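What follows is a set of notes on a single structure, which appears directly below.
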2 protein chains.
Amino acid sequence: MSSSNVLRSKPSQRDSYHHGDLKAALLQAAAELVRENGPDHLSLRTVATMVGVSPSAVYHYFPDKDFLVKELGDQIFARMAVMQQEALSQIPGKSSRAARLRFRELGRTYFRWANSEPNLFRLMFGGFCKVEKGGLHQDEDSFLTLTKCLDDLLATGVITPAMRKYGELVAWSAVQGASNLIIEGLLPEEAFEDLLDGLELAMWGGAK
Amino acid sequence: MSSSNVLRSKPSQRDSYHHGDLKAALLQAAAELVRENGPDHLSLRTVATMVGVSPSAVYHYFPDKDFLVKELGDQIFARMAVMQQEALSQIPGKSSRAARLRFRELGRTYFRWANSEPNLFRLMFGGFCKVEKGGLHQDEDSFLTLTKCLDDLLATGVITPAMRKYGELVAWSAVQGASNLIIEGLLPEEAFEDLLDGLELAMWGGAK
DNA sequence: GTAGTATCTGAATGGTGTTCAGATAGTATG
DNA sequence: CATACTATCTGAACACCATTCAGATACTAC
């Protein structure tokens with residue numbers, strides 16, 4: 001088990017005995033560590049050292065390592081949802097063309113996130129942060145952007161009502177699966193644009 | 001970090017000093033452990049104890065924990081490929097109906113595996129066993145069954161040549177993504193049949 | 001300024017991957 | 001058969017990990 005020795009030597013000194021906002025600092029350090037080393041290889045001790053605090057201090061804010069990971073997961077999900085909304089707002093307009101562009105950009109943004117931060121993506125979908133109830137995490141936000149996009153595609157006559165019914169499921173699954181397979185090296189990176197081509201072809205007969 | 005204490009107490013005695021087939025035994029024990037506790041939480045020491053051997057003995061067969069995990073991953077991929085081929089052979093016939101049934105059963109088999117062995121599925125696609133080259137693992141076997149199935153769908157006129165071009169990509173991605181999202185609790189289990197409905201609707205206009 | 005409380009420390013426990021010198025047992029050679 | 005050789009496995013050690021807990025520290029309210 002090769003320990004990376006990255007970031008291990010940054011015990012950021014703090015001025016006062018009390019940290020101020022230790023919880024947030026711990027989460028940020030943990031995010032950085034996961035980002036670099038992957039969701040496994042996350043070490044509470046290293047996190048504590050990075051923040052400049054003793055390992056025990058962590059337990060004043062999280063009963064457990066799993067709780068820290070869970071909360072970290074929530075933050076990452078939220079960050080991703082923001083990106084999705086930004087991507088959507090970038091392409092205004094009520095035309096069918098605008099709706100189609102939004103759909104594609106939504107998928108692209110999803111993959112761009114996965115591909116640029118594979119370790120964070122693994123944290124989200126690799127069984128590290130358990131989802132409480134049977135539904136949709138608080139990924140509702142991210143899910144809503146897709147729903148809205150599909151509504152537009154239906155309203156502008158791009159997809160049929162029948163297809164609309166399965167829109168979220170098919171699109172989310174395909175984009176999620178392709179992102180997963182690509183970052184794990186089972187599909188080449190270029191495959192994602194092809195996936196989007198294929199998905200659009202399947203859902204409404206292709207480009208236009 | 002709650003250690004499960006499952007299987008911890010089975011130091012299977014061996015008769016001779018030499019084990020006989022230690023490597024295979026180690027892999028089998030590791031598979032069992034991953035199956036129960038998840039890919040993280042895999043412990044070489046526990047594996048060694050299960051087999052009835054000292055922790056150091058492992059290093060005579062694997063230079064590293066990661067190598068063990070990698071080899072384990074290969075085995076699991078192979079097991080899955082066998083299931084896929086069995087599922088395909090279960091439904092013979094050259095009709096369009098048979099081809100469509102095969103397609104659906106291929107997806108079902110994929111998901112059934114993921115859902116019945118989520119921890120093994122996580123091992124395969126969670127970044128634990130790094131894939132060497134840029135392509136398709138030795139999942140080629142499993143991939144070939146899909147290719148063959150899509151060829152049949154094209155030959156029997158179920159899908160268009162244009163759609164055929166994206167068949168593997170779209171189908172594999174969608175099934176992989178849905179499986180992933182379901183076992184992580186982001187989608188309900190029932191969603192998978194819906195996904196297949198949606199996928200078929202998208203790819204050739206539905207049940208028919 | 002004192003009491004009380006939230007925050008953080010230090011040390012200890014038991015588990016982990018990994019290394020390495022040496023013990024053990026099979027195999028080939030005389 | 002005895003000896004040398006080699007593959008296989010052990011034991012002890014190291015550094016790191018999560019987690020616990022008694023106690024030290026510093027902020028807050030009275």
Side-chain angles (χ1 to χ4, degrees), chain A residues 1-27 29-30 33-34 36-72 128-129, chain B residues 1-27 29-30 33-34 36-72 128-129:
Chain A
M1 196 60 54
S2 57
S3 57
S4 67
N5 287 338
V6 187
L7 291 171
R8 300 262 162 160
S9 47
K10 198 177 59 177
S12 55
Q13 308 293 41
R14 67 187 194 281
D15 37 0
S16 62
Y17 184 85
H18 288 19
H19 183 281
D21 197 5
L22 185 51
K23 183 169 183 175
L26 289 171
L27 284 169
L33 220 48
V34 168
E36 304 244 351
N37 304 340
D40 47 345
H41 301 50
L42 174 62
S43 148
L44 284 195
R45 297 180 98 93
T46 308
V47 168
T49 304
M50 283 171 67
V51 176
V53 108
S54 100
S56 337
V58 178
Y59 292 84
H60 211 265
Y61 297 94
F62 307 96
D64 208 325
K65 185 184 180 180
D66 288 340
F67 277 75
L68 197 169
V69 170
K70 171 72 172 62
E71 202 146 331
L72 183 53
F128 294 95
C129 43
Chain B
M1 195 63 49
S2 59
S3 56
S4 67
N5 287 339
V6 186
L7 292 171
R8 299 263 162 158
S9 46
K10 199 176 59 175
S12 56
Q13 307 293 42
R14 66 186 193 282
D15 36 1
S16 61
Y17 185 86
H18 287 21
H19 183 282
D21 197 6
L22 184 51
K23 183 168 182 174
L26 289 170
L27 283 169
L33 219 48
V34 168
E36 304 244 352
N37 304 340
D40 47 345
H41 301 51
L42 173 62
S43 150
L44 284 197
R45 296 181 100 95
T46 308
V47 167
T49 305
M50 282 171 67
V51 175
V53 108
S54 99
S56 336
V58 178
Y59 290 85
H60 212 268
Y61 297 95
F62 306 97
D64 208 324
K65 185 185 181 182
D66 288 341
F67 278 75
L68 197 171
V69 171
K70 171 72 172 64
E71 203 147 330
L72 183 54
F128 294 97
C129 42

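Note on naming: letters A, B, ... go to the chains in the order of the sequence lines (proteins, then strands), and numbering restarts at 1 for each one. The structure presented is a predicted model; accordingly, all values stated were derived computationally and were not measured.
Residues B:Leu44 and B:Tyr59 meet the side-chain proximity criterion, which asks for heavy atoms closer than 4.5 Å. The shortest distance between side-chain heavy atoms of B:Asn37 and B:Leu42 does not fall below 4.5 Å. Here the side chains of A:Leu72 and A:Phe128 are not in contact, with every heavy-atom distance at 4.5 Å or above. Side chains of B:Asp64 and B:Lys70 form no contact here, defined as non-hydrogen atoms less than 4.5 Å apart.
The side chain of B:His60 places no N or O atom within less than 4.0 Å of a non-bridging phosphate oxygen (OP1 or OP2) of D:dC9. In this structure, A:Thr46 reaches the D:dC17 phosphate: one of its side-chain N or O atoms is under 4.0 Å from OP1 or OP2.
Across the interface with DNA chain C, nearest-nucleotide mapping of A:Val58 and B:Pro63 shows A:Val58 to be the residue nearer the 5′ end.
Residue-to-nucleotide contacts include a donor-acceptor pair under 3.5 Å from the side chain of B:Arg45 to the base of C:dG17. Judged by atom type and distance alone, B:Ser43 does not reach the base of C:dG17 through any side-chain donor-acceptor pair under 3.5 Å.
A straight line from NE2 of B:His41 to C1' of C:dG17 spans 16 Å, rounded to a whole angstrom. For the pair A:Leu26 CG and C:dT7 P, the computed distance is 13 Å after rounding to whole Å. For the pair B:Tyr61 OH and C:dG17 C1', the computed distance is 19 Å after rounding to whole Å. Straight-line distance from the CG atom of A:Leu68 to the C1' atom of D:dC17: 15 Å, rounded to whole Å. Here the C1' atom of nucleotide C:dT9 and the CG atom of A:Leu22 are 13 Å apart, to the nearest Å. The distance between atom CG of B:Asp40 and atom P of C:dG17, rounded to the nearest whole Å, is 12 Å. Atom NZ of B:Lys65 is separated from atom C1' of C:dG17 by 8 Å (rounded to the nearest Å). Nucleotide D:dC17 holds its P atom 12 Å from the OH atom of A:Tyr59, rounded to whole Å.
Using a 4.0 Å heavy-atom distance criterion, A:Leu42 is classed as a sugar-phosphate-only contact.
Nearest nucleotide to the A:Ser56 side chain, out of C:dC8, D:dT20, C:dT19: D:dT20.
Taking CG of A:Leu68 as the start and NZ of A:Lys23 as the end, the distance is 9.0 Å to the nearest 0.5 Å.
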